[in-house]
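The chains referred to below are lettered A, B, ... by the order of the sequence lines, with proteins before strands, and numbering in each begins at 1. In this text the structure is predicted, and so the values were computed from the model without any measurement. These values consider heavy atoms only, across backbone and side chains, with no hydrogens, waters or symmetry-generated copies.
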Protein chains: 2
Amino acid sequence: MATHDGSRTVEAVQTTLDIIELLLERDGAGITEIASELDRSKGTIHGHMATLSQNEFVVKEGETYRLSLRYLELGEKVRDRLQIYDVVTEELDDLSASCGELAQFAMPEHGRAVYIYKSAGEKAIQSASSPGKREYMHCLSLGKAMLAHMPRERVEEIIDRHGLVGYTDNTITDPDTLFEELETIRERGYAFDREEKIEGLRCVAAPVKTKEEIIGAISISGPASRFEGEFYEEELPSKVTRSANVIEINSQFS
Amino acid sequence: MATHDGSRTVEAVQTTLDIIELLLERDGAGITEIASELDRSKGTIHGHMATLSQNEFVVKEGETYRLSLRYLELGEKVRDRLQIYDVVTEELDDLSASCGELAQFAMPEHGRAVYIYKSAGEKAIQSASSPGKREYMHCLSLGKAMLAHMPRERVEEIIDRHGLVGYTDNTITDPDTLFEELETIRERGYAFDREEKIEGLRCVAAPVKTKEEIIGAISISGPASRFEGEFYEEELPSKVTRSANVIEINSQFS
DNA sequence: TCCCACGTTCGTGCAGTGCGAACGCGCGAT
DNA sequence: ATCGCGCGTTCGCACTGCACGAACGTGGGA
């Protein structure tokens with residue numbers, strides 16, 4: 001798999017994707033606004049919007065364009081194709097209920113962790129993540145659990161592409177340290193996040209894999225005040241690995 | 001609003017959107033397959049896929065490309081921006097529970113009804129609709145309820161664009177008949193679907209609107225065997241209009 | 001009433017797109 | 001083990017169709 005990024009690309013398409021990305025950030029924008037933001041002429045943007053609108057990827061309300069409801073269809077389809085989705089929701093709901101905290105599931109894609117589902121227990125913290133949200137893997141328990149089960153060269157590719165951005169004093173920003181951590185995680189079977197992304201936030205995660213491939217990972221997140229001692233080091237890891245196993249087994253029959 | 005479709009469009013973008021649409025139908029496809037399906041050269045498709053992949057709109061697994069998990073993010077964002085969404089889900093859950101049937105909410109876009117949410121009561125029929133699904137409006141109670149509250153010229157535009165496709169003997173395929181029906185619906189406040197799309201399936205719908213604009217519509221659907229007599233002609237219409245009013249009122253404060 | 005800013009249209013030049021041939025590779029059949 | 005088919009990939013070339021920017025029509029605010 002030569003993931004070289006030297007391939008010839010289509011610039012007109014790049015412009016359109018930039019437009020979509022812009023409309024994802026802003027809730028509606030006009031032609032002039034988009035044109036100045038992307039450094040293109042108004043005429044150019046107009047043509048792109050006409051194409052997007054005819055294909056119903058965008059809606060025009062008066063003078064502003066918005067992303068259309070088609071993305072609901074696309075999102076739904078993509079989710080439906082994840083065969084493990086139903087197994088995951090069921091198991092995560094059980095897990096979050098049993099420990100009262102926030103349980104999440106993510107899958108790797110393009111070298112990042114993509115959140116798929118979350119289930120909040122009674123005492124659960126609020127999390128900024130929502131389905132589809134993409135995060136770097138090196139600073140998440142979820143992410144490290146997944147990296148630990150990828151070939152080393154794939155991990156190196158990911159580091160090359162995304163770097164090891166630092167967020168807190170605990171973030172792992174050195175490749176060698178990361179590889180050692182991944183080794184530990186692989187042997188132990190689960191991963192911790194000791195406030196490596198956000199101060200005060202701790203997590204435990206376990207990988208979900210088939211015989212030879214990593215599928216994703218599940219995690220439990222909570223405040224440092226509750227996540228310590230035996231609860232954090234023993235009880236949660238055991239719960240999370242058990243749930244991951246349940247998912248692995250059940251997903252083989254769907 | 002000159003909805004003329006004569007605008008100059010960007011063909012390269014059209015190709016890319018065709019690719020996305022193809023990947024929406026099939027679950028994964030290779031370069032050669034896509035190229036032959038869209039009558040383009042392999043080299044061309046390759047360039048488009050590279051662009052889509054770099055922007056993470058598509059994932060490459062070995063030799064097959066799939067739609068990426070980004071569409072979850074897009075779908076989620078689009079849904080979050082519908083301010084009435086929470087109000088609708090709450091009210092529809094109540095409604096479906098109270099009558100035991102299938103309750104649905106849809107919004108108009110590009111001249112079609114787009115399903116946003118459905119809630120199944122105990123006895124509810126299975127429906128093929130899922131969020132994002134787009135249907136012609138003239139043969140749905142939901143659709144007619146929405147059309148009834150649009151300016152006549154807008155309705156004419158929609159007929160021009162989509163026609164009045166017939167599905168059953170009861171489908172309204174004549175514009176004049178449709179306009180009469182819409183008039184009746186406007187006066188009465190709710191719409192019926194008397195097996196106009198699918199034999200044996202009947203529905204009642206009420207519009208959800210602000211002071212001057214139609215937002216969407218809610219409906220209750222069920223089998224012709226249960227949907228008859230006073231229940232169908234009186235009780236359900238009253239329930240559905242009441243729910244629509246609740247949504248209208250509650251959505252003003254969000 | 002005027003004027004600015006918006007979306008829209010269109011003719012033009014040339015960048016960039018699409019093509020098709022050629023290449024390397026993996027897999028299955030022989 | 002070998003061959004050959006079919007896959008994804010690359011690249012040079014011709015020409016298309018993209019992006020530009022000026023010009024136009026329009027609607028809303030001062």
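- Contact check on A:Glu73 versus B:Arg134 returns a salt bridge, with a Lys/Arg side-chain nitrogen under 4.0 Å from an Asp/Glu carboxylate oxygen.
- Of the charged side-chain nitrogens involved, at least one lies within less than 4.0 Å of a carboxylate oxygen, so that B:Arg66 and B:Glu61 count as a salt-bridged pair.
- Summary of helix geometry: the two end axes of the helix from C:dT1-D:dA30 to C:dT30-D:dA1, each defined by five base pairs via their C1' atoms, are inclined to each other by 40° (rounded to 10°).
- Contact annotation: B:His46 side-chain N/O to D:dG8 OP1/OP2 distance is not under 4.0 Å.
- Judged as a side chain to side chain donor-acceptor pair (under 3.5 Å), and not counting sequence neighbours, the contacts of B:Arg26 are B:Glu33, B:Glu37.
- The residue A:Thr9 sits close only to the backbone: its heavy atoms come under 4.0 Å of sugar-phosphate atoms, none of a base.
- Using modelled atom types, one finds no donor on one side chain facing an acceptor on the other under 3.5 Å when comparing A:Ser130 with B:Glu76.
- Residue B:Ile45 contributes atom CD1, which lies 8 Å from atom P of C:dC19 at whole-angstrom precision.
- Between A:Tyr71 and B:Arg70 there is no side-chain heavy-atom pair separated by less than 4.5 Å.
- Using a 4.0 Å cut-off, some side-chain N or O of A:Thr44 falls inside it from OP1 or OP2 of D:dC20.
- The stretch residues 10-30 of chain B comes close to DNA chain D through B:Val10, B:Glu11, B:Ala12, B:Gly30, each having a heavy atom under 4.0 Å from the strand.
- For the residue pair A:Gln14 and B:Asn55, a side-chain donor N or O sits within less than 3.5 Å of a side-chain acceptor on the partner.
- Taking the charged nitrogens against the carboxylate oxygens, A:Glu157 and A:Arg161 have no contact shorter than 4.0 Å, which rules out a salt bridge.
- Within a heavy-atom distance below 4.0 Å of DNA chain C, the residues of residues 32-40 of chain B found are B:Arg40.
- Taking atom CD1 of residue A:Ile31 and atom C1' of nucleotide C:dC6, one finds them 10 Å apart after rounding to whole Å.
- Under the 3.5 Å distance criterion, with hydrogens and angles disregarded, no donor-acceptor pair is assigned to the side chains of A:Glu56 and A:Ser68.
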Report, one pair per line, the protein and nucleotides 24-29 of chain D atoms (nitrogen or oxygen only) whose separation is under 3.5 Å.
none

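- Distances shorter than 4.0 Å separate some side-chain N or O of B:His48 from OP1 or OP2 on C:dG18.
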Worked verdict on A:Glu135 versus A:Ser129 for side chain to side chain donor-acceptor pair (under 3.5 Å):
CA-CA 9 Å; A:Glu135 301 271 13; A:Ser129 86; over 6 Å; no
Checking side chain to side chain donor-acceptor pair (under 3.5 Å) for the pair B:Thr9/A:Gln54: CA distance, chi angles, key distance, verdict?
CA-CA 9 Å; B:Thr9 59; A:Gln54 275 181 33; 5.3 Å; no
B:Glu196 and B:Lys144: CA distance, side-chain angles, deciding distance, salt bridge (charged side-chain N to carboxylate O under 4.0 Å, His left out) verdict
CA-CA 11 Å; B:Glu196 291 162 38; B:Lys144 291 191 292 180; 2.8 Å; yes
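- Evaluation of atom-type donor-acceptor distances gives a pair under 3.5 Å for the side chain of A:Arg8 against the base of D:dG12.
- For the pair A:Lys60 NZ and C:dG7 P, the interatomic distance rounds to 10 Å; values are reported in whole Å.
- Classified by interplanar angle (parallel below 30°, tilted 30° to 60°, perpendicular above 60°), the ring pair B:Tyr167/B:Tyr136 is tilted.
- Distances shown here put every side-chain N or O of B:Ser7 at or beyond 4.0 Å from the OP1 or OP2 atom of C:dT8.
- By the ring-ring contact (aromatic ring centres under 6.0 Å, His included) test, A:Phe179 pairs with no residue at all, sequence neighbours left out.
- Using a 4.0 Å cut-off, some side-chain N or O of A:Ser41 falls inside it from OP1 or OP2 of D:dC20.
- Judged by a 6.0 Å distance limit and a 45° cone about the ring axis, B:Lys133 is not positioned over the six-membered ring of B:Tyr115.
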